[in-house]
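Just so it is clear, the structure is predicted and the values come from calculations on it, not from any experiment. Residue numbers start from 1 in every chain, and the chains themselves are labelled A, B, ... in the order their sequence lines are given, proteins ahead of strands.
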There are 2 protein chains.
Amino acid sequence: METTWEKQLRTAGLRVTRPRLSVLGVLAEHPHVDADTIATAARTVHPSISPQAVYGVLKALIGSGIARRIEPAGGPALYELRVGDNHHHHLVCRECGLIADVDCVVGQAPCLQPSDAAGFAVDEAEVVFWGLCAGCQVARRTHVHGTNSAIEEGVTA
Amino acid sequence: METTWEKQLRTAGLRVTRPRLSVLGVLAEHPHVDADTIATAARTVHPSISPQAVYGVLKALIGSGIARRIEPAGGPALYELRVGDNHHHHLVCRECGLIADVDCVVGQAPCLQPSDAAGFAVDEAEVVFWGLCAGCQVARRTHVHGTNSAIEEGVTA
DNA sequence: CCTGCTTTTTTGACTCAGTCAAATCAAGAG
DNA sequence: CTCTTGATTTGACTGAGTCAAAAAAGCAGG
């Protein structure tokens with residue numbers, strides 16, 4: 001497994017270093033993490049890693065397409081490994097920040113091409129679905145006695 | 001025109017104040033502005049307005065649905081007036097940050113509902129189209145002599 | 001196995017966007 | 001006009017991330 005990462009790094013023309021391997025290890029275990037969590041987790045494997053090194057590693061990984069950066073509104077940036085070419089989108093929980101992956105909707109849904117592109121040369125469509133994760137729906141029904149009609153009426157796009 | 005804003009504020013249960021009216025004025029003139037630009041522009045009308053007042057006003061406007069906040073990756077948050085109910089999405093230029101509105105794709109495109117919602121109760125789908133605006137396409141062709149094949153091959157969603 | 005060049009990492013200062021809390025001030029109800 | 005409540009100002013502070021110089025480590029050639 002570790003050999004795979006080494007190969008990936010070398011293929012990308014990057015040197016194989018301890019900080020890089022430990023960051024890759026963290027990314028492989030946690031699907032969507034912020035830089036600070038990566039630093040903390042990586043420190044269990046490589047105690048001397050500095051926060052800036054994490055940013056540096058992530059920048060290198062992103063630059064060579066090994067990792068991807070997503071920036072949900074209202075929170076720090078999150079990083080994920082890009083395994084293969086499976087481009088996907090994200091479901092974000094408004095309450096707890098939990099993120100789930102959703103398969104790319106293009107294919108069944110070529111409608112993502114904007115109808116009027118206003119002269120733009122569009123090269124990527126980014127979709128974020130906002131809502132409540134299963135756990136937070138339960139928590140809300142338990143503690144609050146209001147309705148959650150707004151949530152369940154459907155999607156506003 | 002100003003009376004309209006006063007009415008909107010009062011309807012929302014908000015007091016009509018000079019900072020609020022000047023921020024509304026700026027928002028009406030500029031479709032997508034960041035907080036700092038709003039502060040600078042508002043100062044031409046109301047010189048003593050503080051940056052924090054701008055944040056306060058925006059928070060109030062957003063809380064009552066008069067304005068909307070968007071947070072494109074890699075830049076400060078932008079604010080726009082929400083006229084009527086026309087929910088729309090955004091085209092963002094990778095080069096210059098220019099933003100254009102795109103009509104909501106739901107209606108012709110009910111496919112925005114994720115196929116597998118992983119137990120989430122989804123209440124909003126947010127779409128951002130990334131690319132190059134017309135101006136930056138011209139600028140790039142003029143100054144760089146490489147290809148821009150990646151850009152024009154189509155949308156990756 | 002060394003040597004030396006180059007890329008990474010470390011260290012530490014710094015920026016930018018935004019928040020928080022206490023004190024002052026103004027809107028507008030009565 | 002006065003009083004109460006809500007809004008703004010002032011000023012300190014946080015969190016996320018960048019930048020640059022110095023130290024350290026990777027790895028290619030001998």
Side-chain angles (χ1 to χ4, degrees), chain A residues 2-3 5-26 32-43 45-64 66-67 69-79 97, chain B residues 2-3 5-26 32-43 45-64 66-67 69-79 97:
Chain A
E2 258 136 281
T3 324
W5 294 332
E6 289 198 26
K7 208 167 282 177
Q8 277 208 284
L9 289 171
R10 274 187 231 282
T11 307
L14 296 172
R15 288 183 179 171
V16 177
T17 67
R18 222 133 135 40
R20 283 178 181 165
L21 291 177
S22 38
V23 167
L24 281 169
V26 175
H32 307 97
V33 254
D34 61 281
D36 190 62
T37 305
I38 294 174
T40 307
R43 228 164 265 133
V45 167
H46 178 196
S48 75
I49 195 171
S50 69
Q52 286 73 358
V54 173
Y55 285 113
V57 168
L58 291 170
K59 199 176 172 183
L61 294 180
I62 291 165
S64 46
I66 298 173
R69 174 185 178 131
I70 58 179
E71 302 184 39
L78 303 175
Y79 303 86
Chain B
E2 260 138 280
T3 325
W5 295 332
E6 289 198 25
K7 209 167 283 178
Q8 277 208 283
L9 289 171
R10 275 188 232 282
T11 307
L14 297 172
R15 287 184 182 171
V16 176
T17 67
R18 221 130 133 38
R20 284 177 180 168
L21 291 176
S22 37
V23 167
L24 281 169
V26 175
H32 309 97
V33 254
D34 61 282
D36 189 64
T37 306
I38 293 174
T40 307
R43 228 163 265 133
V45 167
H46 180 197
S48 76
I49 195 171
S50 69
Q52 286 73 358
V54 172
Y55 285 112
V57 168
L58 290 170
K59 197 176 175 185
L61 295 180
I62 291 166
S64 46
I66 297 173
R69 173 185 178 132
I70 58 179
E71 302 184 38
L78 303 175
Y79 302 87

- Message: Within residues 71-79 of chain B, which residues have any heavy atom lying less than 4.0 Å from an atom of DNA chain D?
- Response: none
- Looking across every strand, which nucleic acid part, if any, lies under 4.0 Å from B:R18 by heavy atom: base, sugar-phosphate, or nothing? nothing
- Does anything in residues 49-63 of chain A pair up under side chain to side chain donor-acceptor pair (under 3.5 Å), and if so which pairs, sequence neighbours excluded? none
- Query: Given the rule in the side-chain contact (heavy atoms from CB on, under 4.5 Å) test, do A:L24 and A:V57 qualify, once you have shown the distances and angles that lead to the verdict?
  - Reply: CA-CA 9 Å; A:L24 281 169; A:V57 168; over 6 Å; no
- Rounded interatomic separation in angstrom, taking CD1 from B:I49 and P from D:dT9: 6 Å
Would you give me the side-chain donor-acceptor pairs under 3.5 Å for residues 15-22 of chain B, sequence neighbours excluded?
{"residue": "B:T17", "atom": "OG1", "partner": "B:R20", "partner atom": "N", "Å": "3.4"}
{"residue": "B:R20", "atom": "NH1", "partner": "B:R15", "partner atom": "O", "Å": "2.9"}
{"residue": "B:S22", "atom": "OG", "partner": "B:R18", "partner atom": "O", "Å": "2.8"}
{"residue": "B:S22", "atom": "OG", "partner": "B:P19", "partner atom": "O", "Å": "3.1"}

- Test side chain to side chain donor-acceptor pair (under 3.5 Å) applied to A:S48 - qualifying residues, sequence neighbours left out: A:H46
- In degrees rounded to 10°, what angle is found between the helical axes fit to the five outermost pairs at each end of the helix from C:dC1-D:dG30 to C:dG30-D:dC1? 30°
- Taking side chain as C-beta onward, heavy atoms only, is B:I70 less than 4.5 Å from B:Y79? no
- Task: With sequence neighbours left out, write down each residue that passes salt bridge (charged side-chain N to carboxylate O under 4.0 Å, His left out) with B:R69, or none if nothing qualifies.
- Result: B:E71
- Could you tell me whether the phosphate oxygens of D:dT8, OP1 or OP2, come under 4.0 Å of any side-chain nitrogen or oxygen in B:S48? no
Name each donor-acceptor pair under 3.5 Å that joins a side chain in residues 32-42 of chain A to protein atoms two or more places apart or in another chain, with its distance.
{"residue": "A:H32", "atom": "NE2", "partner": "A:E80", "partner atom": "OE1", "Å": "3.1"}
{"residue": "A:H32", "atom": "NE2", "partner": "A:D101", "partner atom": "OD1", "Å": "2.8"}
{"residue": "A:D34", "atom": "OD1", "partner": "A:T37", "partner atom": "OG1", "Å": "2.7"}
{"residue": "A:D34", "atom": "OD2", "partner": "A:D36", "partner atom": "N", "Å": "3.2"}
{"residue": "A:D34", "atom": "OD2", "partner": "A:T37", "partner atom": "N", "Å": "3.2"}
{"residue": "A:D34", "atom": "OD2", "partner": "A:T37", "partner atom": "OG1", "Å": "3.4"}
{"residue": "A:T40", "atom": "OG1", "partner": "A:D36", "partner atom": "O", "Å": "3.0"}

Using a cut-off of under 3.5 Å, enumerate the N/O to N/O pairs linking the protein to nucleotides 19-25 of chain C.
{"residue": "C:dT19", "atom": "O4", "partner": "B:Q52", "partner atom": "NE2", "Å": "3.4"}

Using a cutoff of under 3.5 Å, can you pull out all pairs of nitrogen or oxygen atoms linking the protein to nucleotides 28-30 of chain C, with atom names and distances?
{"residue": "C:dG28", "atom": "OP1", "partner": "B:R10", "partner atom": "NH1", "Å": "2.9"}
{"residue": "C:dG28", "atom": "OP1", "partner": "B:V16", "partner atom": "N", "Å": "3.2"}

- Message: Show, in sequence, the C-alpha distance, side-chain angles and deciding distance for A:V45 and A:V26, and conclude whether the side-chain contact (heavy atoms from CB on, under 4.5 Å) test is met.
- Response: CA-CA 10 Å; A:V45 167; A:V26 175; over 6 Å; no
- Message: Before you tell me yes or no, could you show the steps for B:W5 and B:I66 under side-chain contact (heavy atoms from CB on, under 4.5 Å), namely the whole-Å CA-CA distance, both residues' side-chain angles and the distance that decides it to 0.1 Å?
- Response: CA-CA 10 Å; B:W5 295 332; B:I66 297 173; over 6 Å; no
- Query: Out of curiosity, A:R10 CZ to A:L14 CG, how far, rounded to the nearest 0.5 Å?
  - Reply: 11.0 Å
- Note on the structure: A:D36 CG to D:dG15 P, in whole Å, measures 10 Å
